[in-house]
Structure formats: C-alpha cells, structure tokens
Number of protein chains: 2
Amino acid sequence: MNKPIQKRAIATREKLLSTARALIDQEGFEALRVEDLVRTAGVAKGTFFAHFKDKDALMEQIIGARLAEISAEADQAPAPQNVAEMVATLNPLIAFMTSERYVFDVILRYSGAAAISEIGPIAEQFTVQGELFARWVAQGPFRKDIPADLAGDGIGAFLIQSIALTFCALHCSSAIEPRLATYLDAWLLPSGA
Amino acid sequence: MNKPIQKRAIATREKLLSTARALIDQEGFEALRVEDLVRTAGVAKGTFFAHFKDKDALMEQIIGARLAEISAEADQAPAPQNVAEMVATLNPLIAFMTSERYVFDVILRYSGAAAISEIGPIAEQFTVQGELFARWVAQGPFRKDIPADLAGDGIGAFLIQSIALTFCALHCSSAIEPRLATYLDAWLLPSGA
DNA sequence: TTCAAAAAGTGACCATGGTCAATTATAAAT
DNA sequence: ATTTATAATTGACCATGGTCACTTTTTGAA
C-alpha cells in the first residue's frame with residue numbers, strides 16, 4: 001500500500017542527473033551514452049533504467065528543466081511591445097532549440113507527449129509557454145479579434161515552423177529570426193494594422 | 001569516372017521496397033524490422049544498407065511516396081473556397097500523418113531534412129505542399145494582405161501544430177479538425193473579414 | 001534485536017540497427 | 001574467350017539501448 005522512497009534512491013537519481021549534465025556539458029546531448037553515464041556515475045546499467053524509463057526520459061528531464069529556466073527568464077522581462085522585441089525575447093529559446101538537431105527532435109517528440117497519464121516536463125513547458133505567449137499578446141499592441149491563448153498557440157506554431165525550416169536544406173538561405181518576424185507580423189498584425 | 005548501375009541492383013532495390021511495403025501493410029511502419037525485411041526479401045543485411053543509408057532512409061522513400069500520392073490527389077480537386085472545405089481537403093493528409101505516431105515522427109525528422117546536398121522525398125513534399133497551399137490561398141476568398149506563399153507556410157505550420165497537439169496528452173480533449181479550422185480561420189480570415 | 005517484506009541495485013543477456021573486409025557477379029576492353 | 005576493373009553482395013561482427021531474475025539493503029513491526 002505504502003511505497004516510501006528511500007533517501008538512497010533519491011541520491012542515486014541525483015547522481016545520475018548531475019553526472020548526465022556534466023557529460024552533456026562536455027560533449028553535447030547527442031553524444032551521451034548510457035554506458036558512459038552509468039560507469040561515470042558508478043552504478044549498474046539496470047539502475048539507470050529503474051530510475052528512467054528509457055534514455056529519452058532522462059533527456060526529457062534535463063531538456064525540460066533547461067526550457068523551464070529559459071521560460072522563467074523570459075517571464076521576468078516586460079511583455080514585448082512589437083514583433084521585433086518579441087523575437088528578441090524569444091532568442092534564448094531559439095538558441096537552445098537550435099543548438100543541436102537532437103535537442104529539437106527530443107522536444108518535438110515529447111511535446112506531443114508520452115502517456116496520457118503522465119505529462120512530462122517538456123509537454124508541461126509547452127503549456128507554460130502557451131500561457132506566456134498569450135500574456136504577451138494580451139499585454140501588447142497586437143490583434144485582439146481572437147482569444148489571446150489562440151494567438152499564443154500561433155506563436156508557438158510559427159516558432160516551431162521557423163526552427164524546423166532552419167534545419168531544412170531547402171530554406172537555410174534565410175536566417176531564422178527574420179523569418180520568424182515575418183510570420184509573427186502576418187499572424188499578430190494582420191492587414192498591417 | 002563512369003558508374004553504371006547494374007540491372008541487378010535496381011531489381012534488388014525494388015525487391016526491398018516492395019517487400020517493405022508488403023510488410024508495412026501487414027504490421028504497420030513501426031513494427032518493421034530490418035532483419036525481417038532482408039530475410040523476406042532474400043538478401044543479406046549488408047545489401048540493405050548498401051541501398052539505403054539507414055532504416056529511416058527507407059522509411060523516407062515509402063512515406064514520401066505516400067505523401068506525394070496524397071498531395072497529387074488534393075491537387076486534382078478544385079481549390080477550397082472556405083476553411084471548412086480546406087480542412088476537408090486536408091483530411092487524407094491528416095489521416096495519414098496521424099495514422100501512426102512513428103509516421104509523424106519520421107515526417108518531422110525529415111521535413112527538416114537530412115544533408116544539404118540531397119533533398120529527400122519528404123522535404124520535397126513539403127515544398128510541393130507549400131506550393132499547393134499557396135495556390136489555395138491565391139484562388140480562394142482568403143486574406144490577400146500577405147504573399148500567398150507566406151500564407152501557405154502558415155497553413156503548413158498550423159497543420160503540424162494541430163497534429164502535434166493531437167498526440168499530446170494535454171489537448172486530446174478536442175478533435176483535430178475543429179482545432180485546425182479554428183487556427184485557419186484566425187490565420188486566413190483575420191478580423192472575421 | 002530479529003525477521004520478513006519491500007525497495008533498490010546488479011550485471012549477464014537480449015534486440016536491433018549498422019559496419020566492413022572479403023567474395024562474387026557483371027560488363028567493357030583486348 | 002580471357003582478362004580486369006568495379007559494382008554488387010555477403011554475413012560475421014560491433015555498438016548501444018533495454019530487460020529481468022537474482023542479490024543486497026532498508027525499513028518497520030513484533
């Protein structure tokens with residue numbers, strides 16, 4: 001009935017997370033190998049999988065936490081008052097999501113989340129971002145003919161679209177930020193209003 | 001200097017593709033195992049990887065071809081004259097992209113394509129779709145304050161967004177088509193024009 | 001303090017995608 | 001027909017994520 005979690009287990013989990021972060025800082029997300037991680041952390045492979053469903057689940061924790069930091073930072077700043085400011089405020093988020101193709105892939109995979117029952121940190125961050133974007137729209141001189149949360153969804157959609165195109169051979173000609181600005185102009189200020 | 005491709009190789013490649021399609025028809029994309037494929041096709045494993053860079057490259061061919069069929073079909077139909085018709089016309093595309101989570105993942109991964117040098121079938125289909133969507137906007141009673149290809153990009157972005165949310169635990173409450181319709185209304189007919 | 005049940009941890013083992021040196025089939029030149 | 005370069009194929013082998021029956025540690029009750 002009861003299922004008390006032992007201190008030992010919490011310590012092990014922390015050890016795995018901190019070791020993973022250290023390895024990722026050195027070599028990047030893509031290069032992380034579970035075997036390296038468990039050897040460095042000094043635990044058995046099975047222990048890792050007792051703590052994380054799979055390798056992606058670990059990545060989700062770490063990437064989700066990073067996203068949360070970035071969102072929190074953006075949440076501090078005043079709401080942008082035009083598209084250029086908005087793109088500038090999004091810059092740290094863009095920088096992280098484009099830092100590695102692998103990171104973007106994990107984010108996409110988990111944004112359309114795992115099981116219904118458990119919403120992971122990345123899916124949760126999408127909700128948080130949605131609220132942030134909605135607030136921006138509400139507090140800035142942007143279109144008011146649609147609900148703010150709908151407008152926020154659109155910002156998210158165009159952010160993803162811009163990043164995806166950045167990774168795409170066909171479109172790498174133009175840089176990501178001007179492209180996003182073009183989209184957001186059309187989305188948030190239709191008819192050049 | 002010359003590198004003539006032998007008939008034998010073409011036959012082997014076709015055999016691999018047709019066998020793969022047959023197996024996928026039976027069990028779905030996700031369940032395909034390279035070992036099953038080569039055994040059924042009667043070739044060695046190495047042969048498979050001589051023809052396709054990796055498993056994903058095979059999937060890209062098959063999924064890309066399917067996308068091309070669907071686009072071609074949609075291209076036949078007259079341009080939709082309102083958002084409801086547009087969503088209806090998009091239905092086969094939505095159905096395929098949501099048929100398996102794995103399919104959507106592959107499409108996302110390859111839409112932001114592989115190497116700069118070679119554009120794969122999926123990335124190519126995104127271009128084709130972009131052109132189709134632009135034509136729709138141009139030929140229908142939709143906003144004309146932005147270039148048609150920009151408006152087309154937005155349709156693509158909201159299509160992806162809607163599908164991603166479908167796979168997402170947080171939002172499965174509402175069905176995909178009404179959600180897409182809401183997005184497209186706001187995108188294509190701002191200010192309720 | 002002792003003991004049983006449950007939690008945590010272990011590592012040999014498996015599944016599957018992918019590699020590559022060696023072999024065989026093909027086609028062009030003689 | 002023979003030779004020769006190279007395209008095509010092979011399958012043993014590797015890399016890496018993931019499993020599970022078993023062992024060790026912890027905890028709480030007697």
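Keep in mind that what you see is a predicted model, and the values were worked out from it rather than measured. In what follows, chains carry the letters A, B, and so on, assigned in the order in which the sequence lines appear, proteins first and then strands, with residues in each chain numbered from 1.
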*Sorted by first residue and then second, give each side-chain hydrogen bond (donor to acceptor under 3.5 Å, both in side chains) pair with at least one member in residues 32-47 of chain A; sequence neighbours left out.*
A:Glu35-A:Lys45, A:Asp36-A:Arg39
_Can you measure A:Asp36 atom CG to D:dG17 atom P for me and round it to whole angstrom units?_
9 Å
_Any base atoms under 4.0 Å from A:Leu32, or only sugar-phosphate, or nothing? Heavy atoms, all strands._
sugar-phosphate
_Atom pair distance, as rounded to whole Å: CZ in A:Phe52 and P in D:dT19_ = 15 Å
*Under the side chain to side chain donor-acceptor pair (under 3.5 Å) test, residues paired with A:Glu177 that sit two or more places apart*: A:Asn91
*Using the side-chain hydrogen bond (donor to acceptor under 3.5 Å, both in side chains) rule, collect all pairs that involve residues 132-141 of chain B, keeping only residues at least two apart or in two chains.*
B:Asp75-B:Arg135, B:Arg135-B:Gln139
*Output all residues satisfying salt bridge (Lys or Arg N to Asp or Glu O under 4.0 Å) with A:Asp105, sequence neighbours left out; order by chain, then residue number.*
A:Arg101
_Let me spell it out: for each of B:Lys7 and B:Lys55, pick the nucleotide of DNA chain C with the closest heavy atom. Which residue's pick is nearer the 5' end?_
B:Lys55
*CG of B:Asp56 versus C1' of C:dG18: gap in Å, rounded?*
12 Å
*Does a side-chain N or O from A:Arg33 land closer than 4.0 Å to OP1 or OP2 of D:dA15, or not?*
no
Polar atom pairs between nucleotides 9-13 of chain D and protein, under 3.5 Å, N or O only, would you list them?
from   : atom 1 : to      : atom 2 : distance (Å)
D:dT9  : OP1    : B:Thr12 : OG1    : 2.3
D:dT9  : OP2    : B:His51 : NE2    : 2.8
D:dT10 : OP2    : B:Ala44 : N      : 2.9
D:dT10 : OP2    : B:Thr47 : OG1    : 2.7
D:dG11 : O6     : B:Gly46 : N      : 3.3

*In whole angstrom, what separates B:Gln6's CD from C:dT26's C1'?*
5 Å
*Quick one: list whatever passes side chain to side chain donor-acceptor pair (under 3.5 Å) with B:Glu27, sequence neighbours left out.*
none
*asked:* In this structure, how many angstroms lie between the P atom of D:dG17 and the CD atom of A:Glu35, rounded?
replied: 7 Å
*Within this structure, what is the CD-to-C1' distance between A:Glu30 and D:dT16, rounded to whole angstrom?*
13 Å
*Centres of the A:Phe158 and B:Trp187 rings: under 6.0 Å?*
yes
*asked:* Rounded to whole Å, how long is the line connecting atom CG of A:Asp54 with atom C1' of D:dC20?
replied: 17 Å
_Nearest-Å distance for atom pair OH/P, residues A:Tyr102 and D:dT16_ = 13 Å
*Would B:Val106 end up clustered with B:Phe96 when hydrophobic side chains under 4.5 Å apart are linked, directly or stepwise?*
yes
